[in-house]
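The structure displayed is predicted, hence computed values, not measured ones. A note on names: the letters A, B, ... follow the listed sequences, proteins ahead of strands, and every chain is numbered from 1.
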Number of protein chains: 2
Amino acid sequence: MLSDMAPRTTASRAPRKTADGGSEARERLLRTASELFYAEGIHVVGVDRIVAAAGVTRATFYRHFPSKEDLVEAYLGVEDANLRGMFDAAQVATDDPVELAGLLIDGIAEDVARHHTRGCPFINAAAEYPDADSGVRRAVGKHRAWFRGSLERVVSALGSDDPVTRAGQLVLLRDAALVGGYLDGWDNVRVAFVGAARQAAGLDPAH
Amino acid sequence: MLSDMAPRTTASRAPRKTADGGSEARERLLRTASELFYAEGIHVVGVDRIVAAAGVTRATFYRHFPSKEDLVEAYLGVEDANLRGMFDAAQVATDDPVELAGLLIDGIAEDVARHHTRGCPFINAAAEYPDADSGVRRAVGKHRAWFRGSLERVVSALGSDDPVTRAGQLVLLRDAALVGGYLDGWDNVRVAFVGAARQAAGLDPAH
DNA sequence: CTCAGCATAGAACGATCTTTCTCTTTGATG
DNA sequence: CATCAAAGAGAAAGATCGTTCTATGCTGAG
């Protein structure tokens with residue numbers, strides 16, 4: 001269903017740049033690869049599959065990405081940017097720390113239920129990249145450090161005791177929600193997650 | 001460090017059966033493959049690597065396992081048996097439900113800290129097997145269903161309200177502890193895990 | 001209009017993947 | 001001692017992996 005998309009009209013074959021300067025082929029590659037990597041895993045998805053699904057040739061692929069691993073890192077970069085975007089949106093939406101914390105927890109739940117039904121892209125990637133020094137693992141570490149730090153700031157603004165531990169618990173719970181949603185079904189996880197997360201944040205457990 | 005072990009004395013080349021009826025070559029294969037799969041991932045570890053590290057030939061491999069996937073399932077079977085063993089040992093050790101719950105939480109923490117430093121074998125395997133109908137994913141599902149059910153029984157014995165949700169939270173927390181221990185380091189996760197787990201179980205949060 | 005640059009198509013590289021094969025050697029059992 | 005199953009060594013199948021290559025066509029900027 002993904003491999004046989006875009007017969008690609010022969011009419012659009014030139015260096016079409018996209019609005020923000022990137023090339024169209026590059027964006028199609030990145031978007032297609034992101035879907036495939038997330039849905040199926042990284043090592044199982046070969047370059048052939050990616051270029052076929054993106055309607056691009058191997059030569060074009062290697063013009064935009066020096067190697068497959070660079071594409072993997074770009075994929076994680078997209079996921080990272082998405083989550084940062086969600087955080088920013090929530091922070092713009094309210095000034096009240098309590099409301100912000102509730103918004104973030106609900107946003108995470110919403111995201112797990114609707115978009116990330118195959119687990120956490122970073123956890124899944126890390127499962128396939130055991131070398132902690134690899135570029136992929138460094139990207140994972142950077143993302144997680146940012147996420148943890150952001151939560152610490154949010155929890156601190158709540159004025160609760162031991163914000164570091166509480167933020168750590170929220171990190172744990174989001175990981176678990178993503179994993180559990182994938183392997184046990186979101187319906188079996190939702191209640192446990194929201195309850196535990198609100199408690200960890202120091203919010204009134206009621207919804 | 002693993003690939004160049006056991007030059008294998010030419011003296012032991014026969015159908016040596018092991019104590020419980022299994023063959024020696026089969027056990028060596030399973031043990032070696034388990035280490036490699038857990039430490040590096042499944043798709044990255046080829047049959048060549050496994051047979052070389054186990055000091056066995058491909059022919060012997062395929063005599064014991066119809067395909068590589070059967071070996072993967074056997075590997076998950078070992079992990080499943082290990083965790084069940086831990087549960088059984090704790091249940092033998094005490095009759096008091098409160099003490100049992102504490103023992104299990106500490107046992108999980110101990111296990112994450114010492115043995116499972118590369119995440120959860122089942123979560124990692126699931127990351128590489130997107131097909132929910134595959135044998136691997138079925139093994140994962142079976143293991144998780146057993147784990148969840150066992151926790152529900154333990155929490156029920158505590159007499160706490162809503163044991164299903166509480167057990168669900170404990171499942172979440174163990175997943176998260178395994179993932180977090182791998183990606184963030186156990187030291188950054190331990191306090192958050194033990195605290196949240198004891199609270200979820202309805203135990204006195206103090207250690 | 002010309003030309004550099006990007007995208008195309010498609011073949012090909014060597015490496016590695018899983019699986020199967022033949023042939024020999026070993027050890028335990030009758 | 002003769003027999004047979006299990007394990008040995010090693011070649012080889014056919015597929016797919018990531019990567020590089022040549023040769024051609026289209027486009028927009030100079």
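To the nearest 0.5 angstrom, A/Trp146 atom CH2 is 4.0 Å from A/Leu83 atom CG.
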Between protein and nucleic acid, restricted to nucleotides 17-20 of chain D and to nitrogen or oxygen atoms under 3.5 Å apart, what atom pairs and distances do you find?
| residue | atom | partner | partner atom | Å |
| --- | --- | --- | --- | --- |
| D/dG18 | OP1 | A/Lys68 | NZ | 2.6 |
| D/dG18 | OP2 | A/Val47 | N | 2.7 |
| D/dT19 | OP2 | A/Tyr62 | OH | 2.8 |
| D/dT19 | OP2 | A/Lys68 | N | 3.0 |
| D/dT19 | O5' | A/Tyr62 | OH | 3.4 |
| D/dT19 | O4 | A/Arg58 | NE | 3.2 |

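In this structure, CZ of B/Arg63 is placed 11 Å from P of D/dA5, rounded to the nearest angstrom. As a whole-Å value, the separation of B/His64 NE2 from D/dA6 C1' is 7 Å. Rounded to whole Å, atom P of D/dA6 lies 16 Å from atom CD of B/Glu27.
Using bins of under 30°, 30° to 60° and over 60° for the plane-to-plane angle, the ring pair B/Phe87/B/Phe147 lands in the perpendicular bin. Ring orientation note: the planes of B/His143 and B/Phe122 are close to parallel, at an angle under 30° on the 30°/60° scale.
Listed pair A/Thr57 / C/dA9 fails the phosphate criterion, with no side-chain N or O lying under 4.0 Å from OP1 or OP2.
Looking only at distances, no side-chain donor or acceptor of A/Arg118 sits under 3.5 Å from a matching main-chain atom of A/Tyr182.
Side-chain contact check for B/Asp80 versus B/Leu76: every heavy-atom pair is 4.5 Å or farther apart.
B/Glu24 and B/Arg28 are joined by a salt bridge, as a carboxylate oxygen and a charged side-chain nitrogen come within less than 4.0 angstrom of each other.
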